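Data block below; observations after.
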Amino acid sequence: MILFFQLAATGLALGGIYAIVAVGFSLTFATSRTVNFSQGQSAMIGAVLYYWLRMTLGVQPVLAFLVVILAGAVLGLVIALTAIFPFVRSQSRTEHGWLLSTIALGIVLENIALFTFGSEARALPPMFSDKPIAVLGIGILPHELTLIVAAIGMAIIVDLLLYRTLYGKIFRAVATNPPASRLIGIDSSRMIAVSYALSTSLAAAAGVLIAPLVNVSASMGTIIGIKAFAIAAVSGMLRPVSIFILGLCFGIVESLVAGYLGLGARDTMAFGSLILLLAWRPFGFSERWQRQV
Amino acid sequence: MTNPLAHRSRSVVLLVVVVCAAAIPLVWRNSYVLYLGALIAIYSIAISGVNILTGLCKEVSLGQSAFFAIGAYSYAIVGGSLPMNACLGLVIALLLGGLLGTLFGVFLHRLSGAQFALATVALAIIAEQILIEWKPVTRGFGGISNVTGFSINRWTAPRELHYVIVVCFAGLVYYCMSNLSKSSWGRILIALGDDTVALESLGFSRRRTLGEAMCLSGAVTALGGWLYAPLAQYVSPDSFSLQLSITFLIASLVGGRHPGGPLLGAATVVVMPEALSDFPDSRLLIYGALLIVVVYFLPGGITSLFTSATQVLPDPNVKLAAPNHSPSHPPYKAGEIAFNDVRLRFGATTALDGVSGRILRGTITCIIGPNGAGKTSLLNAITGIVPIESGSIFLDGLELPSQPYLTSRSGVARTFQTPRIFGSLTPLENVAVAIRPARSSLIFASLISTVSSSHRERQVIDHASSLLKLVGFDGDCHANTSRLPFGSLRAVELARAIACTPRVLFLDEPSSGLDTAERAALAKNIVRVRTTGITVGVITHDIDLLLAIADSVIVIDAGSLVAEGDAQSDAIRRQLGEYGNVAGNYECSKS
């Protein structure tokens, strides 16, 4: 039973990470009906940058974290400008130029990391002490606790931003009908750029948070990105809060499966259930992806 | 292919090229070159499978490594001793690849775009995990290392023989793919990529079409994998990871949709990293750069530089045949639609609130009403695009099914408010898509292009051009559809709907966006369609059009039926009077 809760706690932390990245997907989807297939690589860039700032330059953790978030925002703007705008305007129902361009960007980002950082995985010491705190008889790393708190915080902030502010309303207006929102004076390109900046800095922050748990490496991004997108897709690009809950559930189940059945079973189960869920409800648990007649 | 002579000469050219390529080892005995040549040919086969999805269906597949792995492991496990084991392995590879593809396509047919890509990624990852975990068969992470080449009676064939076999298969696949891109089935796949809703309105289900496409795609890629194992002589899970799928996808995009594209794409992804092998780790960078170049500067791939946008049907000699309502036309039968207490709601909005009415056999019935009255909702309900809440809809006394492709097959065709034209196909091909040949053996015939299939293709094209003539299409029937004027698009869509040989044909706002001359022509066309014996239902705002053509009128407002009857009856006249004034003013203020 101790093992069960131990696994669940680790899963909760990992699920929080996936959820943060998944919320990023829903943001860009909200403004432009596009998602960034290099989101996982953005998380990796965040982790690599943080590692460099901390270990090579010796920058304070909090300062380094802020720099990474800022850098993430800049990266997001670059992604929006180079990989999204050229395609979002000429977008017809069936063209996925943005899909391919973000995949290409992801490959390039991974390469940059490979050349500058090297191909080996490196361990990053946690932000705080690495002594587990005993909570209800199970040991939780302080870092894992921070992670869960940070994830909850980000999800709530993004949710409030989207559903409780004028800005969020504009966001969603752009998503529903870009030409119409342009007509009433919304700069839809700017909103798309902002959504990408936000989404990428969320991913970069997630990368920093997950780094002490999985080691920093150039190839760490792919699987994070895919799993987060899977969560976003299954939730139907829904409200951040529901994505978040789904992400936590996913993290727990994944961790339990890995703990009891082995690592190989983990990915097979995760992606097998993804395929089944998509076959059952192609638009996830919402109708927002429904094609229009 | 419609011209047998050109077909034969192309086949001869292909044969000569294959023989020359296969003869290279006689001249140039360099095992490295031979290896690269074989690898390019194998990749070109696998990428042809990708091309069916990316090029024709316009879906991004990142799961192709799973099919490739199926082929490679089939060879590695069953062995390559000729003829028995090799043939058995090949059959297993094709069957398993085709089966997995079919299952994937059928179960996930509702996915498209990013979700489809995601599902294929999941497929690739699961496949890799299964290869690692299913140790009794796949020997786990280490893989199977002692794979031998093709052999007969313990005599292992030299690499040269393997190379020749690979080149022959590559030639065969090229031949099938070039037939496919010009066949009726190929057109259907392209149409699926352009506009699924429009294709379903012509009676083809996405489920079946995508299942067939993925079946072929999976089998072809598995064939590539089956040929790969004896070349590599070693198969292990990490040779068939997501990375391989990405490589195939990039190669497919680099090459382009043309059947020759996979060969060019394969050559690029194989040769470029080899040429730059001084720089380790550069492979990934090269692929990223290639993808960027293609996505930004060459969206159609290399082959789009050499072929025009409308190369798919290469017979410019097809002239529009004279309109011809005599025996060669299928006999049109008039049908009658009755709908009973139809209710439809979108959230809190009631679109249809218990509408009942009839569209009488052999008439032109206009459905009229103000904006938001529920006219298009009624049409969507009848054609099964939107499922109704309650009520029933009958065609000639039989209840209509609630799937768009099934209603279309039952005999209800439609056009759309904004024309939904397959942009990658010419006007002639747009119409030809809807003409259903016998579906049995359609795929097979599409691949090998038999004499009877090219004869049938000829008939289909003739029929399509006569339909274009019937609706008064006066543009270039081989033009790029995206450059056609709006009026011509409407005409093409009308001809396409008639090509389904419907019993009832619905037109949704056919006159909107047309100028005065085009409206007059449209009215004449609709009347002409009725004379062929098809019942016509017209949804419109346009009082002038209604007065010119309508036999019978249904007036709808706020989701319920206001009046129904003969166009000349008093009740209808009164309704039209009220509405007509408004509409008339609207027309005046606009002009």
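Because the structure is predicted, anything quoted here is derived from the model rather than measured. To find a chain, count down the sequence lines: A is the first, B the second, and so on, and within it residues start at 1. Note that these values count all heavy atoms, side chains included, but never hydrogens, waters or copies made by symmetry.
For F104(B), the part lying near chain A is the side chain, with the backbone staying farther off; criterion is any non-hydrogen pair under 4.5 Å. In this structure, chain B has heavy atoms under 4.5 Å from both the backbone and the side chain of A83(A). In this structure, no portion of I112(A) lies under 4.5 Å from any heavy atom of chain B.
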*Steps toward side chain to side chain contact (heavy atoms under 4.5 Å, CB included) verdict (L249(B), L100(A))*: CA-CA 10 Å; L249(B) 175 69; L100(A) 301 171; 4.0 Å; yes
*Test log, rule side chain to side chain contact (heavy atoms under 4.5 Å, CB included), inputs I250(B) and I107(A)*: CA-CA 11 Å; I250(B) 292 172; I107(A) 296 178; 4.1 Å; yes
*Should L62(B) and I103(A) be marked as a side chain to side chain contact (heavy atoms under 4.5 Å, CB included) after you check the CA-CA gap, both sets of side-chain angles, and the distance that decides it?*
CA-CA 11 Å; L62(B) 287 167; I103(A) 291 178; 4.1 Å; yes
*Can you check side chain to side chain contact (heavy atoms under 4.5 Å, CB included) on L118(B) and L278(A), steps first, answer last?*
CA-CA 10 Å; L118(B) 175 67; L278(A) 284 179; 4.3 Å; yes
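Taking each heavy atom of G288(B) and A104(A) in turn, the nearest pair found is O-CB, 4.1 Å. When all heavy atoms are compared, the tightest approach of A119(B) to I275(A) is O-CD1, 3.9 Å. Between A279(A) and F107(B), the closest heavy-atom pair is CB-O, 3.5 Å. Smallest separation of non-hydrogen atoms from W98(A) and A114(B): CH2-CB, 3.9 Å. Taking all atoms of both residues into account, the shortest heavy-atom contact from I126(B) to F271(A) is CD1-C, 3.5 Å.
E110(A) CD to L285(B) CG: the interatomic distance, rounded to the nearest 0.5 Å, is 11.5 Å.
The candidate from V108(A), L276(A), I226(A) with the greatest count of non-hydrogen atom pairs under 4.5 Å with chain B is I226(A).
Residues of residues 289-297 of chain B having a heavy atom under 4.5 Å from any heavy atom of chain A, listed by number: L291(B), I292(B), V295(B), Y296(B).
Y260(A) OH: more than 12 foreign heavy atoms inside a 6.0 Å radius. For R345(B), the CZ atom sits in a loose shell: 12 or fewer heavy atoms of surrounding residues, nucleotides or ligands are nearer than 6.0 Å.
I125(B) is listed as a side-chain neighbour of I223(A), based on a closest heavy-atom distance under 4.5 Å.
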